[in-house]
Amino acid sequence: MKHKKTNIVNILGGDMLKSNFVRRQVPLALIIIACCIVMVRIRYRVEDLMKEKLALEEEIDFLHEQRVQKQKQYQELIRLSRLDMVLDTIDVGVVAAPPYELQAE
């Protein structure tokens with residue numbers, strides 16, 4: 001088997017692509033390029049998923065705050081209704097109107 005000396009003229013002329021070694025490595029190079037493309041795509045997908053995760057976490061925090069506020073309102077209503085029940089059992093009425101201011105003459 002005759003080995004040619006590799007120089008710039010042979011490389012630029014395309015003689016290097018004719019060699020058996022290079023032709024055998026083409027599938028490997030294509031696999032490496034495909035893996036690089038897949039890796040870049042996966043990185044972008046992961047970045048999108050991380051953004052989506054952060055948005056969902058913010059929404060969860062917002063909904064949690066809303067739930068706590070609604071729970072406080074509900075507990076306030078329960079407290080008032082229990083107070084009404086207790087006042088009804090001891091026959092003490094709740095004044096519906098605000099108190100009047102007494103004026104001295």
Side-chain angles (χ1 to χ4, degrees):
M1 188 170 182
K2 184 178 175 185
H3 290 291
K4 285 187 177 181
K5 193 173 187 182
T6 305
N7 58 27
I8 295 179
V9 175
N10 288 339
I11 293 173
L12 293 176
D15 292 343
M16 187 172 180
L17 295 175
K18 293 180 183 176
S19 74
N20 227 359
F21 175 76
V22 173
R23 275 189 267 141
R24 285 183 301 175
Q25 302 306 320
V26 168
L28 178 63
L30 293 175
I31 290 173
I32 291 173
I33 291 170
C35 288
C36 290
I37 292 171
V38 168
M39 184 183 73
V40 168
R41 176 66 184 125
I42 288 172
R43 287 180 112 184
Y44 281 116
R45 178 69 178 141
V46 167
E47 185 178 341
D48 289 343
L49 289 175
M50 292 300 289
K51 287 179 183 177
E52 184 179 344
K53 177 188 170 220
L54 290 175
L56 289 174
E57 284 177 350
E58 288 176 5
E59 186 177 351
I60 286 173
D61 290 340
F62 175 74
L63 291 174
H64 178 72
E65 291 173 8
Q66 276 190 335
R67 183 184 63 88
V68 168
Q69 289 176 353
K70 295 290 182 184
Q71 190 175 14
K72 285 181 183 178
Q73 291 173 355
Y74 178 68
Q75 288 175 350
E76 180 68 19
L77 290 174
I78 289 174
R79 187 182 68 76
L80 289 176
S81 68
R82 284 185 184 161
L83 184 61
D84 255 354
M85 287 172 44
V86 168
L87 290 177
D88 283 344
T89 58
I90 58 173
D91 291 329
V92 176
V94 177
V95 179
Y100 294 101
E101 186 176 323
L102 297 178
Q103 297 178 352
E105 289 180 27

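Along the sequence shown, residues are numbered consecutively beginning with 1. Both backbone and side-chain heavy atoms feed into the values below; hydrogens, waters and symmetry mates do not.
Note that the SG atom of C36 and the CD1 atom of I31 stand 12.0 Å from one another [nearest 0.5 Å]. Taken to the nearest 0.5 Å, the CG atom of L49 stands 10.5 Å off from the CG atom of L56.
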Practice task
Go through the steps to decide whether E47 and K51 satisfy the test salt bridge (charged side-chain N to carboxylate O under 4.0 Å, His left out), and finish with yes or no.
Solution key: CA-CA 6 Å; E47 185 178 341; K51 287 179 183 177; 3.7 Å; yes

Exercise for the section: Output, in order, the C-alpha distance, side-chain angles, deciding distance and verdict of side chain to side chain contact (heavy atoms under 4.5 Å, CB included) for T89 and M85. Expected result: CA-CA 6 Å; T89 58; M85 287 172 44; 5.6 Å; no

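A salt bridge links K53 with E57: at least one charged nitrogen is closer than 4.0 Å to a carboxylate oxygen.
Heavy-atom contacts from other residues, nucleotides or ligands closer than 6.0 Å to CZ of R41 number 12 or fewer.
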Validation: residues 61-77 side-chain donor-acceptor distances under 3.5 Å, sequence neighbours left out:
unit_1	atom_1	unit_2	atom_2	d
H64	ND1	R67	NH2	3.3
E76	OE2	R79	NH2	2.7

